[in-house]
Amino acid sequence: IDSDLKRFFRDPRVRLAFSFQSKYLGMSPFRCPSLFSILAFLEYEYGVFHPIGGCHALMQAMATAGLELDVEFHLGEPVERLDLDGKKCIGLRTALDSYPADATVVNADFAHAIPHLIPQSLRRRWTNKAIAKKKYSCSTFMLYLGLEGRTESLEHHTIWLTENYRENLRDIEDRHCLTERPSFYVQNATRTDPTLAPDGHSTLYVLVPVTHQHPNVDWQKESRRYRDQVFRQLADLGVEDLKKRLRFEKVFTPADWQNDLSIHRGATFNLAHSFDQMLHLRPNNRFEDVDGVYLVGGGTHPGSGLPVIFESAKISSALLLEDLGKAGAGAPSRTPFDLPRHH
């Protein structure tokens, strides 16, 4: 992306303003394919939307729609394996029950789920060795903070880029170490949406791109230190008395993403979006190694990022309906670009 932008902008700061969106894919603008300059265009042309209640409100609305259609949800019941008849999936098993199915959609992290759910003997393309050889995105060090009082010094979105951004990215992608003053994104969404916190309180969501799980970083030792470093950088942005105002705190490290949420290597953006892992070179929405299995999420086509993941769900749903002889059923009546413009 950066090389492409050099044709239009001399100032590197302007190029960063039109290329930091590559981090939505967990990639560096100095390596991310220029195709993804479309991300900056989409933001500036169509705006950025915030659902009242946060992104979780989208999931709640989808669950409500499912319940109205008699969908059954079995929560807290992890899938242990897929039931297979030869090379066809006919359902799945949990510790509590077995569930026969005409079609099975896997929305778990691809690189973690497939080796756990499907025997390697049935995987022609996506063997354990093939999955291990793939390139994976960076991870994220996350802070979810609930604060007493409002935070007026920050807008809804703030992106802070370290003085040597290129070196910060090399620390993440090549050296697999921690930058002492890292770049980060902070969301002060209560500026827009007061429903996210009790009266007189606010929330901050801080995302620091870091290396995925690597022996170079021991998060048991580094987590507290890095959290304190981020607090100091927030103070530089005018967030005062942060520790005194703190009423809720949740920290996620790459180790937490891997161990608690079953994300391979803690790579929160899944498979890297390099030229050799884009489009049809990613795992297919209709999983090619086992019939009756469909994939949804950042690990399949078209890629990472919440809007793009929703597109993967639409693609997989259409393929599933086609295979069940119900092509055209439930097709969306309008696309996101039919929405009214809002910035």
Side-chain angles (χ1 to χ4, degrees), residues 20-21 23-24 42-44 46-68 71 73 75-76 139-162 181-210 219 223-257 260-261 263 268-269 305-307 309-310 336 339-343:
F20 71 83
Q21 294 86 354
K23 268 286 165 251
Y24 302 169
L42 291 172
E43 282 197 349
Y44 292 115
Y46 295 100
V48 177
F49 291 79
H50 171 82
I52 297 300
C55 284
H56 182 62
L58 294 175
M59 314 312 159
Q60 289 177 315
M62 293 168 73
T64 299
L67 290 171
E68 291 173 353
V71 173
F73 293 95
L75 304 179
S139 187
T140 52
F141 178 77
M142 308 291 305
L143 299 176
Y144 299 88
L145 308 176
L147 305 176
E148 184 176 346
R150 305 277 289 178
T151 307
E152 300 297 341
S153 62
L154 296 177
E155 299 294 334
H156 186 120
H157 301 290
T158 300
I159 294 167
W160 188 89
L161 299 180
T162 191
R181 279 180 61 81
S183 304
F184 64 91
Y185 161 75
V186 57
Q187 181 196 71
N188 183 23
T190 39
R191 286 287 297 262
T192 302
D193 181 3
T195 70
L196 294 174
D199 289 343
H201 294 73
S202 58
T203 64
L204 291 183
Y205 159 109
V206 187
L207 183 156
V208 186
V210 293
W219 282 106
S223 179
R224 187 75 181 184
R225 182 186 72 83
Y226 223 52
R227 173 255 200 194
D228 290 343
Q229 173 60 37
V230 173
F231 275 25
R232 287 191 289 271
Q233 291 181 236
L234 288 171
D236 292 342
L237 291 176
V239 183
E240 299 176 349
D241 300 324
L242 186 54
K243 292 184 179 180
K244 292 181 180 178
R245 296 168 53 202
L246 199 59
R247 297 295 175 268
F248 174 85
E249 178 180 10
K250 180 68 175 177
V251 178
F252 267 99
T253 71
D256 296 321
W257 291 121
D260 297 344
L261 293 173
I263 295 176
T268 44
F269 303 95
L306 194 55
I309 287 171
F310 284 152
L339 294 169
R341 285 178 59 131
H342 170 70
H343 295 273

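Side-chain atoms are counted along with the backbone in the values below, which use heavy atoms only and exclude waters and symmetry mates. Heads up: numbering here begins at 1 and tracks the sequence.
Side chain of Thr140 to backbone of Met142: no donor-acceptor contact under 3.5 angstrom is found. A donor-acceptor pair under 3.5 Å is absent between the side-chain atoms of Asp228 and the main chain of Arg225, judged by distance alone. Judged by distance alone, the side chain of Thr162 and the main-chain N or O of Ser183 form no donor-acceptor pair under 3.5 Å. Here the side chain of Arg150 pairs a donor or acceptor atom with the backbone of Thr190 at under 3.5 angstrom.
Within the 4.5 Å cutoff, side-chain heavy atoms of Leu67 are placed close to those of Phe73. Considering only heavy atoms from C-beta on, Val239 stays 4.5 Å or farther from Phe231 through its side chain. In this structure, the side chains of Glu249 and Leu145 come closer than 4.5 Å at one or more pairs of heavy atoms. You'll find the side chain of Glu68 reaches within 4.5 Å of the side chain of Thr64, heavy atoms only. Taking the side chain as every heavy atom from C-beta outward, Tyr24 and Phe269 never approach each other to under 4.5 Å. Two residues are said to be in side-chain contact when any heavy atoms from C-beta on lie closer than 4.5 Å; Gln21 and Tyr44 meet this criterion. The closest side-chain heavy-atom distance from Phe184 to Leu237 is below 4.5 Å. Between Val210 and Pro182, every side-chain heavy-atom pair lies at or beyond the 4.5 Å cut-off.
The shortest heavy-atom contact between Asp193 and Gly53 is OD2-N, 2.6 Å. Nearest heavy-atom pair, Pro51 versus Leu58, reported as atom, atom and distance to 0.1 Å: CG-CG, 4.2 Å. Of all heavy-atom pairs between Gly238 and Ser153, the closest is O-OG, 3.2 Å. Nearest heavy-atom pair, Asn188 versus Thr151, reported as atom, atom and distance to 0.1 Å: ND2-O, 2.7 Å.
Here the straight-line distance linking atom CD of Gln229 with atom CG of Leu234 works out to 10.0 Å at 0.5 Å rounding. Taken from CZ in Arg232 to CZ in Arg227, the straight-line distance is 10.5 Å, to the nearest 0.5 Å. Taking CD of Gln187 as the reference point, atom NE2 of His156 lies at 4.5 Å (rounded to 0.5 Å). Taking CH2 from Trp257 and OG1 from Thr268, the interatomic distance works out to 6.5 Å, rounded to the nearest 0.5 Å.
Under the side-chain contact (heavy atoms from CB on, under 4.5 Å) rule, Leu204 has a single partner from Thr158, Leu143, Leu147, which is Leu147. Paired with Lys244 under the rule side-chain contact (heavy atoms from CB on, under 4.5 Å), one option of Leu246, Leu242, Asp241 passes, and it is Asp241.
The ring-ring contact (aromatic ring centres under 6.0 Å, His included) test applied to Phe141 returns Trp219, Tyr226, not counting sequence neighbours.
The environment of Glu240 atom CD is sparse: at most 12 non-hydrogen atoms of other residues, nucleotides or ligands sit within 6.0 angstrom. By the neighbour-count criterion of 12 heavy atoms within 6.0 Å, atom CE of Met62 is sparsely surrounded, having that number or fewer from other residues, nucleotides or ligands.
At a cut-off of 3.5 Å, with distance as the only test, no side-chain donor of His50 or Thr192 sits close to an acceptor on the other residue.
For Lys250 and Phe252, the positive end sits near the middle of the six-membered ring, less than 6.0 Å away and at most 45° from its axis.
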